[in-house]
Colleague: 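My structure is below; once you've seen it, I'll send some questions.
Residue indices begin at 1 and follow the sequence shown. Note that the structure is a prediction, hence the values are computed from the model and not measured.
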Amino acid sequence: MTKAAFAFDNSYARDLDGLYVPWQGDQVPAPQFLKLNTGLVEALGLDPAAMTPEILSGAKAPEGASPLAMAYAGHQFGGFSPQLGDGRALLVGEILDPQGARWDIHLKGSGKTPFSRGGDGKALVGPVLCEYLMGEAMHALGVPTTRALAAVGTGQDVMRERPEAGAVLARVASSHLRVGTFQFFAARGEVDRLRQLADYAIARHDPDLIASPDKYLRFLEAVCDRQAALIAQWVTLGFVHGVMNTDNMTISGETIDYGPCAFVDIYDPVAKFSSIDKQGRYALGNQPAIGGWNLARLAESLLDLINPDDSDDAIRQATDVINGYQASYDAAWLGRMRAKLGLVTAQDGDQSLAEDLLTTMQGEQVDYTNLFVALAGVTHGDTSSARALFVNPTAFDVWADRYNARLDQEPDLAASRDRMRAANPVYIPRNHLVEEALSAASTGDLSPFDGLLERVTNPYSVAQSADRYAQPAPSGFGNYVTYCGT
């Protein structure tokens with residue numbers, strides 16, 4: 001067995017019997033790195049020499065690993081499946097970084113598992129590189145997220161509509177516990193194991209609650225707050241996750257599973273990209289409400305723990321927490337929008353100011369990201385760059401007068417500019433550039449991917465000769481459609 005310098009401490013395998021199946025990744029003929037995230041390797045305190053493509057494809061288990069396929073349930077587009085699980089993934093194990101923080105090492109595309117439900121357990125080069133790119137971009141934007149440790153080509157074709165090159169994504173997260181993980185035991189009425197899972201999650205993510213007499217209720221509240229903050233970041237950055245099923249919502253508040261995701265170019269609250277989201281359930285503007293819906297499913301799963309002796313009281317308490325989610329989201333959203341508008345102080349009219357800006361953008365073919373970059377000029381009293389983005393700027397002109405009057409009440413416009421520049425990215429993974437990079441990668445040319453990765457991992461710094469990375473899609477690009485990438 002290949003030995004590697006991983007400081008494994010596999011608490012999931014040790015503490016959560018019944019919630020996984022021990023498993024090994026498939027052997028692959030010619031594993032090789034497509035990308036190795038050397039900066040992340042260093043930050044995790046891992047030995048670069050131990051990062052081999054055999055290990056990070058799942059073909060070989062490092063010493064101390066305890067590879068397993070995780071079980072979970074979930075609501076998928078509103079319909080409940082009592083057993084889902086890692087159908088093409090493995091938790092290799094958990095490591096402790098130099099600061100003592102715990103991280104999952106998790107593989108995606110490593111082969112069939114007992115949860116594959118007829119699938120082959122494989123992944124393709126394009127979707128693997130897409131998740132690598134998106135996760136690293138989100139991290140650079142300050143959004144909690146899983147991160148890519150490596151993308152490994154397997155040297156093996158995978159059959160979809162035609163043979164395509166296979167790959168495995170090695171990713172890290174503070175955990176892969178999901179709302180669906182709790183639903184798994186709750187659906188089976190296994191209260192003792194549900195309690196064991198909840199205690200494990202609290203110890204891992206909310207250790208300050210361990211001694212609390214109402215720790216399960218407070219845990220629900222903490223998860224709600226984390227998800228409210230996360231989804232507010234998504235929405236204010238124009239990010240559409242695309243598949244917000246309960247098995248894709250983490251307890252940690254990290255973004256997970258970049259399947260049919262995309263960033264909007266033109267602002268539109270009903271923007272959706274997923275080929276399977278026919279009704280727009282997970283559209284840009286629906287994400288906050290879907291977050292609340294998913295959290296209500298977590299609350300249902302925890303009722304027997306919140307008050308095992310009085311179900312009515314448990315429902316009342318949990319409902320109060322879920323009802324508080326919207327206020328938590330609204331506060332997080334407004335805080336993000338104030339930063340994007342350069343408002344350091346807080347005033348009562350700020351929410352309507354932000355909402356009215358979004359209203360003026362609708363139907364105007366306004367590039368969402370570039371508008372906020374252009375608004376930095378307004379702090380100098382110059383609205384021309386922002387105004388030029390509108391087809392008919394009449395409504396914007398009215399709004400801009402209100403905005404300038406509001407900025408006049410800020411004590412330090414230099415601080416306002418600095419806040420805007422720190423909150424408004426110049427570069428995001430624009431859909432046409434993502435497709436360009438992945439198309440080239442399919443032929444073995446990673447240079448467009450590397451160029452895009454460099455820009456989106458430095459999103460707030462204007463780079464010379466990088467204008468193309470800040471431009472919306474050309475007119476002939478058409479409507480963008482994304483796929484789950486299996």
Colleague: Just verifying a value: how many Å separate Ile256 CD1 and His176 NE2, rounded to the nearest 0.5 Å?
Modeller: 4.5 Å

Colleague: Is a salt bridge present between Asp208 and Lys215, judged by a nitrogen-to-oxygen distance below 4.0 Å?
Modeller: no

Colleague: I'd like to know if Arg406 pairs up with Asp350 as an ion pair, taking the criterion as any Lys NZ or Arg NE/NH1/NH2 lying under 4.0 Å from an Asp or Glu carboxylate oxygen.
Modeller: yes

Colleague: Donor-acceptor pair, Asn458 side chain versus Ser461 backbone, under 3.5 Å?
Modeller: no

Colleague: Going by side chain to side chain contact (heavy atoms under 4.5 Å, CB included), Tyr258 matches just one of Arg171, Met138, His241. Which one?
Modeller: Met138

Colleague: Which pair of non-hydrogen atoms, one from Ala173 and one from Thr146, has the smallest distance, and what is that distance?
Modeller: CB-CG2, 3.6 Å

Colleague: Between Asp9 and Arg14, does at least one N-O distance fall below 4.0 Å, as a salt bridge requires?
Modeller: yes

Colleague: Let me confirm one number: the CG-CD distance from Leu197 to Glu190, rounded to the nearest 0.5 Å.
Modeller: 11.5 Å

Colleague: Could you tell me whether the side chain of Thr255 and the main chain of Pro144 form a donor-acceptor pair under 3.5 Å?
Modeller: yes

Colleague: For the backbone of Gly85 and the side chain of Asp247, can you confirm whether one donor and one acceptor N or O come within less than 3.5 Å of each other?
Modeller: no

Colleague: Does any part of the side chain of Leu357, heavy atoms only, come nearer than 4.5 Å to the side chain of Leu371, both counted from C-beta?
Modeller: yes

Colleague: Please report the interatomic distance NE2(His139) to CG(Asn37), rounded to the nearest 0.5 Å.
Modeller: 8.5 Å

Colleague: Has Gln233 got a side-chain atom pairing as donor or acceptor with Gly142's backbone, closer than 3.5 angstrom?
Modeller: yes

Colleague: With side chain to side chain donor-acceptor pair (under 3.5 Å) as the test, would you mind laying out the steps for Tyr12 and Ser66 before giving the verdict?
Modeller: CA-CA 9 Å; Tyr12 194 98; Ser66 184; over 6 Å; no

Colleague: Any chance the side chains of Ser274 and Tyr282 put a donor and an acceptor closer than 3.5 Å?
Modeller: no

Colleague: Hey, which of Lys35, Arg147, Lys108 is the one that makes salt bridge (charged side-chain N to carboxylate O under 4.0 Å, His left out) with Glu131?
Modeller: Lys108

Colleague: Are Lys112 and Asp26 close enough for a salt bridge, meaning some N to O gap below 4.0 Å?
Modeller: no

Colleague: Distance under 6.0 Å and angle within 45° of the ring axis: does Arg117 meet both against Phe115?
Modeller: no

Colleague: Rounded to the nearest 0.5 Å, what's the gap from CG on Leu91 to CG on Leu107? Could you check?
Modeller: 8.5 Å

Colleague: Using the side chain to side chain contact (heavy atoms under 4.5 Å, CB included) rule, take His106 and Leu90 through it: C-alpha gap first, then chi angles, then the decisive distance, then the call.
Modeller: CA-CA 6 Å; His106 194 261; Leu90 287 178; over 6 Å; no

Colleague: Are Val378 and Leu407 packed together at the side-chain level, in the sense that at least one heavy-atom pair is separated by less than 4.5 angstrom?
Modeller: yes

Colleague: Is the ring centre of Phe239 less than 6.0 Å from the ring centre of Phe263?
Modeller: yes

Colleague: Quick check: do Gln362 and Pro269 have side-chain heavy atoms less than 4.5 Å from each other?
Modeller: yes

Colleague: Taking side chain to side chain contact (heavy atoms under 4.5 Å, CB included) as the criterion, tell me which of Leu40, Leu44, Leu96, Leu149 meets it with Trp103.
Modeller: Leu44

Colleague: Under a 4.0 Å N-O cut-off, is there an ion pair linking Asp312 with Arg316?
Modeller: no

Colleague: Where do Asp367 and Pro472 come nearest, in terms of heavy atoms and distance?
Modeller: OD1-CB, 3.3 Å

Colleague: Taking NZ, NE, NH1 and NH2 as the nitrogens, is one of them in Asp206 or Arg218 under 4.0 Å from a carboxylate oxygen of the other?
Modeller: no

Colleague: Are the side chain of Thr250 and the backbone N or O of Gly253 linked by a donor-acceptor pair below 3.5 Å?
Modeller: yes

Colleague: Verify whether one side chain among Glu410 and Thr345 offers a donor that lies under 3.5 Å from an acceptor in the other.
Modeller: yes

Colleague: Excluding sequence neighbours, so at least two apart, what forms side chain to side chain donor-acceptor pair (under 3.5 Å) with Asp268?
Modeller: none

Colleague: Between Val21 and Leu68, is a side chain to side chain contact (heavy atoms under 4.5 Å, CB included) present by the stated rule, with each step listed?
Modeller: CA-CA 5 Å; Val21 177; Leu68 57 88; over 6 Å; no

Colleague: Return the CH2 to OG distance between Trp23 and Ser110, rounded to the nearest 0.5 Å.
Modeller: 11.0 Å

Colleague: Identify the heavy atoms of Val235 and Tyr368 that sit nearest to each other, and give their distance.
Modeller: O-OH, 3.7 Å

Colleague: I'd like to know if Asp304 pairs up with Arg195 as an ion pair, taking the criterion as any Lys NZ or Arg NE/NH1/NH2 lying under 4.0 Å from an Asp or Glu carboxylate oxygen.
Modeller: no

Colleague: Kindly check if the number of other-residue, nucleotide or ligand heavy atoms within 6.0 Å of CD (Glu42) is above 12?
Modeller: no

Colleague: Consider only side-chain N and O atoms of Asp192 and Gln196, and report whether a donor and an acceptor are under 3.5 Å apart.
Modeller: no

Colleague: Work out which heavy atom in Arg188 is nearest to a heavy atom in Gln83; give both atom names and the distance.
Modeller: NH2-OE1, 3.3 Å

Colleague: Where do Ala386 and Leu375 come nearest, in terms of heavy atoms and distance?
Modeller: CB-CD2, 3.9 Å

Colleague: Ring centroid separation for Phe219 and Phe182, is it under 6.0 angstrom?
Modeller: yes

Colleague: Does any N or O in the side chain of Asn245 come within less than 3.5 Å of the main-chain N or O of Asn248, such that one atom is a donor and the other an acceptor?
Modeller: no

Colleague: Taking atom CD of Gln409 as the centre, does the number of heavy atoms from other residues, nucleotides or ligands within less than 6.0 Å exceed 12?
Modeller: yes

Colleague: Looking only at the side chains, is there a donor atom on one of Asp225 and Ser328 sitting less than 3.5 Å from an acceptor on the other?
Modeller: yes

Colleague: Considering only heavy atoms from C-beta outward, does the side chain of Cys224 approach that of Val321 to under 4.5 Å?
Modeller: yes

Colleague: Determine whether a donor-acceptor pair (N or O, by modelled atom type, separation under 3.5 Å) exists between the side chain of Ser116 and the backbone of Gly87.
Modeller: yes

Colleague: Any side-chain heavy-atom pair from Tyr216 and Leu209 closer than 4.5 angstrom?
Modeller: no

Colleague: Does the Thr457 side chain pair with the main chain of Glu136, one donor and one acceptor, at a distance under 3.5 Å?
Modeller: no

Colleague: Can you find a heavy atom in the side chain of Leu295 that is under 4.5 Å from one in the side chain of Val223?
Modeller: yes

Colleague: Compare all side-chain heavy atoms of Tyr460 with those of Arg421 and state whether any distance is below 4.5 angstrom.
Modeller: no

Colleague: Tell me yes or no: between the side chains of His75 and Arg297, is some donor less than 3.5 Å from an acceptor?
Modeller: no

Colleague: For Tyr403 and Trp399, take the angle between the two ring planes, folded into 0 to 90°, and tell me which bin it lands in: parallel under 30, tilted 30 to 60, perpendicular over 60.
Modeller: parallel

Colleague: Indicate whether any N or O donor in one side chain lies under 3.5 Å from an N or O acceptor in the other, for His205 and Ser175.
Modeller: yes

Colleague: Would Arg281 and Trp293 count as a cation-pi pair here, with the cationic atom under 6.0 angstrom from the ring centre and within 45° of the axis?
Modeller: yes

Colleague: Find out whether Ile428 and Leu237 are in side-chain contact, i.e. whether some heavy atom of one side chain is under 4.5 Å from a heavy atom of the other.
Modeller: no

Colleague: Atom CZ in Arg88, atom CG in Asp86: separation rounded to 0.5 Å?
Modeller: 10.0 Å

Colleague: Please determine if Arg204 and Asp15 form a salt bridge, counting it only when a charged side-chain N lies under 4.0 Å from a carboxylate O.
Modeller: no

Colleague: On a heavy-atom basis, which atom in Ala262 and which in Asn431 lie closest, and how many Å separate them?
Modeller: CB-OD1, 3.4 Å

Colleague: Test your reading of the model: is there a side-chain donor-acceptor pair from Thr181 to the backbone of Leu177, 3.5 Å cut-off?
Modeller: no

Colleague: Spell out, as yes or no, whether a donor-acceptor pair under 3.5 Å connects the side chain of Asp104 to the backbone of Glu94.
Modeller: no

